[in-house]
Engineer: 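This is the structure, below, for whatever I ask next.
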Amino acid sequence: MLSSHPRSPHLTTGSVRSHNFVVAKPCGDPGARPFVERVFGTRVRSSSVPLPNSTRTSTRSASSLQHLASPTSIEPPSSVRRVASLIKVAAAVAAACLFAPPVAVAARNSGIVNDEVAIVSERQTSNSSQFASFSSSEKGPGFVRDFVAYRLQKMLTMKLGGKLLSLILVATPAIMFGGLMYRLAASASWKESMFKAYTLIGRVPGCNAVTEKTPLAMVVANVMFLAGLMTFAVALGMISNDISKAILEIRSGNSRVLESGHTVILNYNGQLDSILRQMAIAKKERGGVHDCVVLLADLKKKQLDELTSRAVGDLDMDVRARYGCTHDIADLQKVAADKAHTIIWLDPQDKDDYEATARRLAAIASLKSIGAGSIHKTHLVVQTPKSTDQLPNGLAGVDIAVKATDLDKTNLEVVEMHDAQNLQRLLAQCAMQPGLGKIISNVLHQSEGTCEFYLKQHKRLAGCKFSMARRYFNKFSIPCGVLDGETNKLELNPSEDLIIKGEDKVVVLAHNLSMNLAHRQMPGPAEWTQNIKRKRANGSTYHIVVLSFDRTCDMFLKNLGDFAESKNVEVTVVASEKLENLPKREGNCRVSFRKGNPASYQVLSDLKLKDVDSLVIDVDREDKNVADAQVVSTLLQIQNLMKESHRTKKEPLHLVAAVNHPTSQEVARRLVENPPKHPEGDKPCTMDIILPQELSSGVLTQVAASPKLNLVFKDLLNSEGVELHIRNAEAYNLVGRGAIPWMEVMDAARTGDSIAIGYMDKDGKVCVAPGAKSKRAFEEGDKLVVFSND
């Protein structure tokens with residue numbers, strides 16, 4: 001319907017497909033009505049109204065359009081008329097899309113309408129209000145350009161959904177307009193025209209713009225092709241880029257983990273690689289490790305992914321990495337820490353004691369706040385570098401956090417592990433007992449072919465004495481102790497008369513979890529094993545040289561004094577400067593100091609290594625690569641010195657050191673195993689090279705799988721508990737008896753209040769947890785590996 005415009009008597013309005021249009025035309029103009037009718041498919045009735053003088057004097061002249069719309073004396077060709085019609089339609093639509101809002105506002109503000117063509121969309125109320133909010137002074141010549149650029153910038157900063165919607169809103173009218181143009185130019189059907197516009201504007205593969213039958217259709221097709229190339233394809237490319245980014249974010253993103261019963265590792269340090277590798281092996285051998293392991297650390301996601309992929313390699317382990325704060329509740333919930341079976345908190349080695357302690361206690365409190373342990377029992381293993389009594393200025397330990405958060409009321413079991421002082425103890429033990437490093441690696445390190453500790457509970461063992469219960473284990477497993485089920489008290493190397501209760505668990509050293517008890521006990525001990533009196537070692541002096549590249553070796557000397565209670569030990573410390581508070585005696589150890597650079601070849605030559613039993617290379621550097629290089633360099637010099645020396649000792653010189661990388665250990669092993677030819681034809685050196693991080697990671701992995709094993713390792717690594725010893729086979733009267741079943745060897749060791757867990761032959765080959773029925777003929781030089789209290 002047509003009606004007068006409420007603001008101007010010179011305007012007529014038409015309602016076309018729910019759009020209100022205002023058409024202003026000069027008197028007697030016959031071209032406007034057919035133009036609108038042809039474009040919009042409706043009849044428009046209008047009246048010729050004389051325009052006001054102000055309109056006639058407008059800056060825009062009506063002569064140009066009137067020239068196209070009005071008949072002339074010369075009749076143009078039909079193709080020219082059709083092109084002219086297309087230009088009219090394009091001008092009208094462009095004006096409606098781009099200039100309708102500002103023109104409408106100007107018309108409403110001034111009451112004056114352009115004297116040519118003004119098509120105003122009344123649906124653009126919001127856009128009009130945006131224009132109207134600017135003052136007239138702000139609407140300069142570049143206002144429309146700035147407005148369009150701003151709207152485009154807002155569209156580009158939308159999220160992916162907004163961009164897709166914008167693309168649809170832009171593409172739909174463009175395809176419809178292009179289809180209309182193609183229909184007029186090629187006289188094609190609506191279906192064919194719309195599909196043609198869609199393929200050309202959307203750059204659909206296979207579309208063709210050069211096979212049109214008429215020149216006009218070819219022009220329209222190429223215009224649509226170029227328009228799609230310059231506009232639609234660019235928008236589509238931006239959206240495709242966003243989709244690619246979204247896929248990349250999903251692949252390497254920081255989304256929430258939807259797991260339950262998994263393992264969560266908080267923080268990272270130098271042991272992360274070793275822990276992940278050993279957890280992969282533990283999952284296969286012992287169970288207790290979930291298929292999924294989630295790492296949460298304050299490190300870039302890309303770096304975390306590189307760490308995990310390098311550590312796991314080809315192992316069957318599903319490791320996810322998420323970056324975040326280890327004591328932030330939102331980040332802990334993101335890795336589903338409240339639903340985890342095991343949580344491992346690694347000590348951040350790049351933080352000082354104060355910051356590390358604060359992070360540690362905050363993490364425990366946050367885990368309690370999110371309900372860790374409320375769904376099922378959760379094991380929290382907290383790694384600390386030092387025990388509570390060694391923290392500076394009385395900093396709070398893990399036990400304080402446990403008491404403050406009432407963890408005893410939940411199923412969150414907290415286990416604290418501190419292993420910094422264990423290195424010095426291991427070095428001291430290896431210095432006193434050559435070959436012990438191989439045994440320790442076999443027991444502590446989680447790898448294929450090695451032994452681990454397990455806790456075994458079985459109704460068949462209930463009510464048995466330990467002497468009878470151990471005879472049920474006959475498949476490559478050694479019962480070593482009993483864990484009381486009520487008091488959690490551990491007894492390693494217990495009395496043979498200890499009675500095992502139904503809730504008690506037997507500590508077993510075995511190759512894997514698949515150890516089944518025999519249906520019947522093995523026969524009782526042989527008679528010859530009951531009358532053995534262990535022969536004590538002679539009281540000869542044992543000489544140890546310590547090459548100290550650090551400013552102190554107090555911890556090493558203290559552990560050496562604890563371990564050397566039954567021997568006379570003479571220790572010579574070599575350092576560049578006098579060590580502070582160096583004791584003259586530590587237990588049975590007499591300590592002397594020798595000034596000199598331990599890296600100097602001349603200083604090493606003056607030590608008379610031919611009279612030395614063990615040489616300890618004690619290097620501790622912040623740069624781990626430099627520390628390993630120093631160890632290898634020292635080994636090279638010692639090898640060269642030993643090549644021409646004539647040993648006064650019966651045994652070869654034993655070298656003890658700690659390195660940080662497995663590759664360094666391999667280099668050192670090759671140096672010792674392939675020494676230069678010695679004049680006497682004997683092997684000049686033996687070696688115990690320890691990987692502290694690997695051993696610590698192995699202990700942590702075993703404790704994470706079975707937290708009660710922490711009591712076992714505390715006992716083994718504590719100076720007051722049971723210790724590993726390597727003793728001559730002659731001490732238990734094993735040499736010269738021919739092939740002896742391993743069960744009889746264990747019976748012989750039990751008469752000396754020890755538990756035999758393996759043996760080492762005269763060539764240094766180690767066997768741990770042999771089968772109870774396997775036999776061994778011991779020779780002179782063979783040694784027995786035992787757990788013993790003395």
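Nothing fancy with the numbering, it's 1 onward along the sequence. Atoms considered below: every heavy atom in the structure, side chains included; atoms not considered: hydrogens, waters and symmetry mates.
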Engineer: Are the side chain of D618 and the backbone of S548 linked by a donor-acceptor contact shorter than 3.5 Å?
Structural biologist: no
Engineer: Could you tell me which non-hydrogen atom of D484 sits nearest to which non-hydrogen atom of D504, and how far apart they are?
Structural biologist: CA-OD1, 3.5 Å
Engineer: Give a yes or no on whether R256 atom CZ has more than 12 heavy-atom contacts from other residues, nucleotides or ligands under 6.0 Å away.
Structural biologist: no
Engineer: Report yes or no: does D715 contribute a side-chain atom to a donor-acceptor pair with the main-chain N or O of L711 at less than 3.5 Å?
Structural biologist: no
Engineer: Which pair of non-hydrogen atoms, one from L367 and one from A337, has the smallest distance, and what is that distance?
Structural biologist: CD2-CB, 3.8 Å
Engineer: Answer yes when E306 and K301 have at least one side-chain N-carboxylate O distance shorter than 4.0 Å, and no when they do not.
Structural biologist: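 Salt bridge flag = no for K301 with E306.
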Engineer: Take K438 and N442, measure what side chain to side chain contact (heavy atoms under 4.5 Å, CB included) needs, and give me the verdict at the end.
Structural biologist: CA-CA 6 Å; K438 297 179 182 178; N442 198 304; over 6 Å; no
Engineer: State, to 0.1 Å, how close P434 and M760 come at their nearest heavy-atom pair, and which atoms those are.
Structural biologist: O-CE, 3.7 Å
Engineer: Show your reasoning for whether side chain to side chain contact (heavy atoms under 4.5 Å, CB included) applies to L272 and L295.
Structural biologist: CA-CA 10 Å; L272 178 62; L295 171 65; 3.7 Å; yes
Engineer: Does the side chain of T686 come under 3.5 Å of the side chain of H654 through a donor N or O and an acceptor N or O?
Structural biologist: yes
Engineer: Nearest 0.5 Å, what's the CG-CG distance between L557 and D562?
Structural biologist: 11.0 Å
Engineer: Measure across Y323 and L296 and return the closest heavy-atom pair with its distance rounded to 0.1 Å.
Structural biologist: C-CD1, 3.8 Å
Engineer: Can you check whether K708 reaches N488 side chain to side chain, under 4.5 Å on heavy atoms?
Structural biologist: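 Side chain of K708 against side chain of N488, heavy atoms only: contact under 4.5 Å found.
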Engineer: Indicate yes or no: at least one non-hydrogen side-chain atom of L455 is less than 4.5 angstrom from one of L709.
Structural biologist: yes
Engineer: If you take all heavy atoms of W345 and A363, which pair is closest and at what distance?
Structural biologist: NE1-CB, 3.5 Å
Engineer: For the residue pair E452 and L509, establish whether any side-chain heavy-atom pair is separated by less than 4.5 Å.
Structural biologist: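 Side-chain contact under 4.5 Å: no.
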Engineer: Just wondering, do M417 and V382 contact through their side chains at under 4.5 Å, heavy atoms?
Structural biologist: no
Engineer: Tell me if a side-chain donor or acceptor on S374 pairs with a main-chain N or O of G371 at a distance below 3.5 Å.
Structural biologist: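 A pair under 3.5 Å: yes.
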Engineer: Let me confirm one number: the OG-CE distance from S697 to M279, rounded to the nearest 0.5 Å.
Structural biologist: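 Rounded to the nearest 0.5 Å, the OG-CE separation comes out at 11.0 Å.
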Engineer: Quick check: closest heavy atoms across L444 and F713, and the distance to 0.1 Å?
Structural biologist: CD2-CE2, 3.4 Å
Engineer: Between T384 and E416, is any side-chain donor less than 3.5 angstrom from a side-chain acceptor?
Structural biologist: yes
Engineer: Taking the ring of H379 and the ring of H341, is the distance between their centroids below 6.0 Å?
Structural biologist: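 Aromatic pair counts; centres sit under 6.0 Å.
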Engineer: Any heavy-atom pair between the side chains of L716 and F453 that's under 4.5 Å?
Structural biologist: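 They are in side-chain contact.
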Engineer: Step by step, would you call F787 with E723 a side chain to side chain contact (heavy atoms under 4.5 Å, CB included)?
Structural biologist: CA-CA 6 Å; F787 284 140; E723 295 173 336; over 6 Å; no
Engineer: Counting C-beta onward and ignoring hydrogens, is there a side-chain heavy-atom pair between V785 and L436 closer than 4.5 Å?
Structural biologist: no
Engineer: Could you tell me whether E666 and R670 make a salt bridge, using a distance below 4.0 angstrom between a side-chain N and a carboxylate O?
Structural biologist: yes
Engineer: Before accepting this row, confirm whether a basic side-chain N of the pair D347/R360 lies closer than 4.0 Å to the acidic partner's carboxylate O.
Structural biologist: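 Judged by the 4.0 Å cut-off on N to carboxylate O distance, D347 and R360 do form a salt bridge.
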Engineer: Is a side-chain donor or acceptor of Q278 paired with a backbone partner of E694 at a separation under 3.5 angstrom?
Structural biologist: yes
Engineer: Could you walk me through whether D273 and R310 pass the salt bridge (charged side-chain N to carboxylate O under 4.0 Å, His left out) check?
Structural biologist: CA-CA 8 Å; D273 289 10; R310 183 178 67 247; 3.4 Å; yes
Engineer: Within the distance-only criterion (no hydrogens, no angle test), does the side chain of S441 pair as donor or acceptor with the backbone N or O of G437 below 3.5 angstrom?
Structural biologist: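 Checking the backbone N and O of G437 against the side chain of S441, a donor-acceptor pair under 3.5 Å is found.
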Engineer: Would you please name every residue forming a side chain to side chain donor-acceptor pair (under 3.5 Å) with N269, sequence neighbours left out?
Structural biologist: Q383
Engineer: Quick test of your reading of the model: are K339 and E259 salt-bridged, counting only N-O distances below 4.0 Å?
Structural biologist: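 Between E259 and K339 there is no salt bridge, as every charged N stays at least 4.0 Å from the carboxylate O atoms.
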Engineer: With a cut-off of 3.5 Å and sequence neighbours excluded, list every side-chain donor-acceptor pair involving residues 655-665.
Structural biologist:
{"residue": "N660", "atom": "ND2", "partner": "D628", "partner atom": "OD1", "Å": "3.0"}
{"residue": "H661", "atom": "NE2", "partner": "N625", "partner atom": "OD1", "Å": "3.0"}
{"residue": "S664", "atom": "OG", "partner": "D628", "partner atom": "OD2", "Å": "2.9"}
{"residue": "Q665", "atom": "NE2", "partner": "I689", "partner atom": "O", "Å": "3.0"}

Engineer: How far does CE of M432 sit from NE2 of H725, to the nearest 0.5 angstrom?
Structural biologist: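 The CE atom of M432 sits 10.5 Å away from the NE2 atom of H725.
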Engineer: Would you call D305-K302 a salt bridge at under 4.0 Å N-O?
Structural biologist: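 Looking at K302 together with D305, the answer is no, because their closest N to O distance does not fall below 4.0 Å.
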Engineer: Would R359 and E355 count as a salt bridge (charged side-chain N to carboxylate O under 4.0 Å, His left out) if you check the C-alpha gap in whole Å, the side-chain angles of each, and the deciding distance to 0.1 Å?
Structural biologist: CA-CA 6 Å; R359 287 173 175 264; E355 183 175 353; 3.2 Å; yes
Engineer: Once rounded to the nearest 0.5 Å, what's the spacing between atom CD1 of I726 and atom SG of C430?
Structural biologist: 8.0 Å
Engineer: Quick one, L700 with I344, criterion side chain to side chain contact (heavy atoms under 4.5 Å, CB included). Give me CA distance, side-chain angles, the key distance, then yes/no.
Structural biologist: CA-CA 9 Å; L700 192 147; I344 301 174; 3.4 Å; yes
Engineer: Taking D298 for its side chain and G324 for its backbone only, find out whether a donor-acceptor pair lies under 3.5 Å.
Structural biologist: no
Engineer: Return the NE2 to CG distance between H262 and L258, rounded to the nearest 0.5 Å.
Structural biologist: 10.0 Å
Engineer: Mind checking the CG-CG spacing from L299 to L304? Nearest 0.5 Å is all I need.
Structural biologist: 4.5 Å
Engineer: Closer than 3.5 angstrom, by distance alone: can the side chain of N710 be matched with the main-chain N or O of V703 as a donor-acceptor pair?
Structural biologist: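 No: the side chain of N710 does not pair with the backbone of V703.
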Engineer: Could you check if a side-chain atom of Q693 sits within less than 4.5 angstrom of a side-chain atom of S274, using non-hydrogen atoms only?
Structural biologist: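 They are not in side-chain contact.
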Engineer: Measuring only between side-chain heavy atoms, which start at C-beta, is I343 closer than 4.5 Å to T378?
Structural biologist: yes
Engineer: Going by the side-chain contact (heavy atoms from CB on, under 4.5 Å) test, name the single residue among L547, N597, L615 that passes it with V574.
Structural biologist: L547
Engineer: Where the side chain of H376 meets the backbone of S260, is there a donor-acceptor pair that is under 3.5 Å apart?
Structural biologist: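 Answer holds: no.
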